[in-house]
Amino acid sequence: MSNIKNFINGNFQNPINNNWIDNYNPSNGDVYGQIPNSSSEDVEEAFEAAKSAFSQWSQTTLEERSRILIRISELLEENLQRFAEAESIDNGKPLSLAKTVDIPRAASNFRFFGNAITQFASESHESVGQNAINYTLRQPIGVVGCISPWNLPLYLFTWKIAPALATGNCVVAKPSEVTPMTAYMLGEICNEAGLPSGVLNIVHGLGSSTGQAIIEHPGIKAISFTGGTATGAHIAKVAAPMFKKLSLELGGKNPNIIFADCDYDHMLATTVRSSFANQGQICLCGSRIFIEASIYDKFKADFIDKVKQLNVGHPSEKSTDIGALVSKPHLEKVKSYIEIAKAEGANILYGGKEVTVEGFEDGYYLQPTVIEVHNDECRVNQEEIFGPVVTLMPFTTEEEVLTMANKVKYGLSATLWTNNLTRTMKFSSKLEAGIVWVNTWMMRDLRTPFGGVKASGVGREGGFEALRFFTEPKNICIKY
Ligand code: TXE
């Protein structure tokens with residue numbers, strides 16, 4: 001059994017109430033460990049440790065903070081294989097993906113923010129003619145809370161923690177209870193890298209107990225959260241009366257808009273990836289595919305041909321393209337949407353069934369699923385499924401597809417395939433999304449703002465936006 005513990009004040013400890021929950025391996029359905037279901041007492045201890053560490057950490061030179069963050073990054077790289085294996089077992093994602101995306105990107109987060117903090121600057125404003133100068137101090141907030149989901153476990157956990165630490169805050173963090181393993185392992189790496197005790201505290205447990213204790217804690221002044229839209233709305237309700245700073249990165253139902261004038265082969269290969277990477281469990285996946293009518297039939301045939309070649313299998317197999325879904329309840333949720341699609345009269349063009357992987361019969365495997373819909377307002381086209389399921393629909397005019405693309409409650413990202421510059425400019429400005437990719441997908445530059453509009457959240461992560469979020473601007477006006 002792989003049991004994990006809370007990481008508080010640099011020590012690994014059991015939850016005070018000795019309350020534990022099971023941790024499942026999605027590839028075979030087995031319980032392979034237990035994790036603390038921490039209570040508000042553990043969160044209080046983590047908060048006290050963070051609070052005591054703050055006076056020193058916030059005064060640590062930028063060079064020293066940068067050095068420690070970059071050391072964490074190096075140690076993650078040195079431990080790539082171990083972390084990738086743990087991530088793949090905990091989440092069900094192909095080991096190859098964890099090794100090339102999740103863990104390298106987690107390491108990049110620490111390296112990027114370790115470097116970015118040495119370049120971060122604040123403004124000064126000379127009040128001309130008034131003999132006065134204003135300057136802005138960017139001070140750390142204090143103790144902040146970071147709460148992350150299960151789809152890209154260490155990648156999204158570090159995406160919040162690295163900028164919070166770089167700016168001099170101390171952190172109480174909670175990974176998803178569904179995928180806690182690599183966050184637990186990160187504790188050891190932080191100790192080895194010389195991160196002072198109490199600067200980062202990691203408490204494990206359910207959202208309703210541990211997560212709730214973090215968002216309710218009056219001393220935790222900011223919350224950075226990635227997860228479901230309903231949870232985000234709940235967090236906003238709890239945090240608003242306490243005037244906490246909030247960054248919420250929530251769900252998506254992203255359009256992938258394909259015009260006939262695009263680079264077809266490149267579009268086709270990328271669309272397979274943007275549909276099914278990580279079993280479709282990425283908030284940026286393009287789950288609504290709109291295709292210009294003149295190439296609709298060709299696209300449909302070619303796409304299904306490629307999707308058929310995707311290999312659903314055990315995450316550790318090199319030949320696996322699609323691993324296991326993260327949990328049994330999530331598998332059931334995704335399957336329920338396939339039933340909804342049928343009831344709504346959509347055509348299941350491919351997939352829709354569970355897959356039995358030999359030797360791992362109780363794992364949570366599902367075929368990549370392609371659904372042809374006739375009405376963009378149907379539920380499978382409007383609600384976030386967050387699994388290996390995409391919808392196809394033809395369009396004839398720019399206006400029609402733009403309206404359909406924007407006619408959902410979400411607004412995280414959008415992908416556009418065209419070689420027409422005027423159309424590119426028009427769609428880039430009119431699509432209701434925080435991120436628009438043109439002729440590519442999920443190309444990331446960590447300096448860019450990341451986040452969504454509408455029900456996809458508030459605030460932006462990434463680059464200096466994250467450093468701004470984790471600091472409080474204070475204006476100093478000096479008259480001379
Ligand atoms: O997310 P939750 P779930 C979407 C996706 C998925 C749905 C639900 O559609 O099917 O959300 O997934 C913590 N106070 N996304 O149930 O519950 C929780 O413990 C404080 C999109 O896993 O939002 C976990 O650490 N924290 C998404 C984190 O919130 C609470 C990625 C996310 O869990 C809490 C994942 C509370 N009251 C799911 N309740 C994306 N945008 O990438 C829960 N949590």
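Reckoned from all heavy atoms, side chains included, excluding hydrogens, waters and symmetry mates. In listed order, ligands and their atoms are each counted from 1.
In terms of polar-atom proximity, Leu250 is counted as a contact of ligand 1, with an N or O under 3.5 Å from an N or O of the ligand.
Nearest non-hydrogen protein atom to atom 10 (O) of ligand 1 is Lys333 NZ, 2.6 Å. Nearest protein heavy-atom contact of atom 26 (N) of ligand 1 is Gly211 CA, 3.6 Å. Of the protein's non-hydrogen atoms, the one nearest atom 12 (O) of ligand 1 is Trp150 NE1, 3.8 Å. Given atom 11 (O) of ligand 1, the protein heavy atom at minimum distance is Gly228 CA, 3.1 Å. In terms of protein heavy atoms, atom 38 (C) of ligand 1 is closest to Phe386 CE2, 4.0 Å.
Atom 37 (N) of ligand 1 has its nearest heavy-atom neighbour, among Glu216, Gln281, Gln212, in Gln212. Taking all heavy atoms of Gly207, Pro149, Cys283 into account, the minimum distance to atom 35 (C) of ligand 1 is reached by Pro149. The residue among Ser148, Ser208, Pro180 with a heavy atom at the shortest distance from atom 24 (C) of ligand 1 is Ser148.
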Item to check | Evaluation steps, side chain to side chain contact (heavy atoms under 4.5 Å, CB included), between Ile189 and Asn79 | outcome: CA-CA 9 Å; Ile189 297 254; Asn79 287 279; 3.7 Å; yes

Checklist entry - Can you check side-chain hydrogen bond (donor to acceptor under 3.5 Å, both in side chains) on His204 and Ser38, steps first, answer last? => result CA-CA 6 Å; His204 297 274; Ser38 308; over 6 Å; no

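Remark: Arg379 does not engage Glu344 in a salt bridge, criterion side-chain N to carboxylate O under 4.0 Å. At a threshold of 4.0 Å, the pair Glu384-Lys333 does not count as salt-bridged, since none of the basic side-chain nitrogens sits closer than that to a carboxylate oxygen. The pair Glu332-Lys328 meets the salt-bridge criterion, with a side-chain N (NZ, NE, NH1 or NH2) lying under 4.0 Å from an Asp/Glu carboxylate O. With respect to Lys253 and Glu383, no salt bridge is recorded, no charged nitrogen being found less than 4.0 Å from a carboxylate O. Lys300 and Glu372 are joined by a salt bridge, as a carboxylate oxygen and a charged side-chain nitrogen come within less than 4.0 angstrom of each other.
For the pair Lys454 and Tyr410, the tightest heavy-atom approach, listed with the atom from each and the gap, is CE-O, 3.2 Å. What you find for Gly92 and Pro315 is that their closest heavy atoms are O-CG, 3.3 Å.
With a 4.0 Å heavy-atom cut-off, ligand 1 is reached by the backbone of Pro175 but not by any atom from C-beta on. Contact annotation: for Glu177 versus ligand 1, heavy atoms closer than 4.0 Å belong to the side chain alone.
There is no protein heavy atom less than 4.0 angstrom from atom 33 (O) of ligand 1. For atom 42 (O) of ligand 1, the protein comes within 4.0 Å by at least one heavy atom. Not a single protein heavy atom sits closer than 4.0 Å to atom 8 (C) of ligand 1.
Counting the atoms of ligand 1 from 1 in the order shown, those under 4.0 Å from a heavy atom of Ile147 are 13 (C), 20 (C), 25 (O), 26 (N), 28 (C), 29 (O). Close approach to His234 involves these atoms of ligand 1, each under 4.0 Å from a residue heavy atom: 37 (N). Listed by number with element, the atoms of ligand 1 under 4.0 Å from a non-hydrogen atom of Thr231 are 2 (P), 17 (O), 23 (O), 30 (C), 34 (C), 39 (N), 43 (C), 44 (N). Every atom of ligand 1 with a heavy atom of His330 under 4.0 Å away is listed here by number and element: 10 (O).
The line from OG1 of Thr320 to CG of Leu97 is 11.5 Å long, rounded to the nearest 0.5 Å.
Between Phe386 and His330, the ring planes are perpendicular. Angles over 60° get that label, and only those under 30° would be called parallel.
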